[in-house]
Amino acid sequence: MLLAFGCALGIGMYFTFAAVQGDYGIFRRAEIISDAAKLKQELIVLEREVARMENATRRMSDEFLDLDLLDQQVRDVLGYIGIGEIVIR
């Protein structure tokens, strides 16, 4: 009888520990929820960056050429300056 009680107590303690701290336990669930919230915020930031890059790409495409953006890119990437401009560093 005492052995059965000891086994039942041991099994109960094991399952309680697993329910709280195991791979599918309460603490792991809280960690997953926290990670999901962080990833959602990162997704929002990345979606904004993708939208910005898509807009810039569309503005530099053959169908729609934004001359101001083209001028900015030429100055930034290639280092060109306009005629009559003075560069102060």
Determine whether more than 12 heavy atoms belonging to other residues, nucleotides or ligands lie under 6.0 Å from atom CZ of Phe27.
no
Any side-chain heavy atom of Gln73 within less than 4.5 Å of one from Arg59?
no
Joint cluster assignment, Leu69 & Tyr80, ILVMFWY side-chain distance < 4.5 Å:
yes
I'd like to know if the side chain of Thr57 reaches the main chain of Met53, judged simply by a donor and an acceptor atom lying under 3.5 Å from each other, with no hydrogens or angles considered.
yes
Determine whether Leu67 and Val74 fall in the same hydrophobic cluster, where Ile, Leu, Val, Met, Phe, Trp and Tyr are linked whenever their side-chain heavy atoms lie under 4.5 Å apart.
yes
Gap separating the CE atom of Met60 from the CG atom of Leu65, nearest 0.5 angstrom:
6.5 Å
The criterion is salt bridge (charged side-chain N to carboxylate O under 4.0 Å, His left out); which residues satisfy it with Glu54, sequence neighbours excluded?
none
Taken to the nearest 0.5 Å, the spacing of Ile44 CD1 from Gln41 CD works out to 4.5 Å
Set of salt bridge (charged side-chain N to carboxylate O under 4.0 Å, His left out) partners for Arg58, sequence neighbours left out
none
Do you reckon Leu70 sits in the same ILVMFWY cluster as Val77, going by side-chain contacts under 4.5 Å, direct or chained?
yes
Using salt bridge (charged side-chain N to carboxylate O under 4.0 Å, His left out) as the criterion, list what pairs up with Glu42, not counting sequence neighbours.
none
Kindly compute the distance separating CG (Leu39) from CG (Leu46), expressed to the nearest 0.5 Å.
10.0 Å
Contact between Ile33 and Arg29 at the side-chain level, heavy atoms closer than 4.5 Å - yes or no?
yes
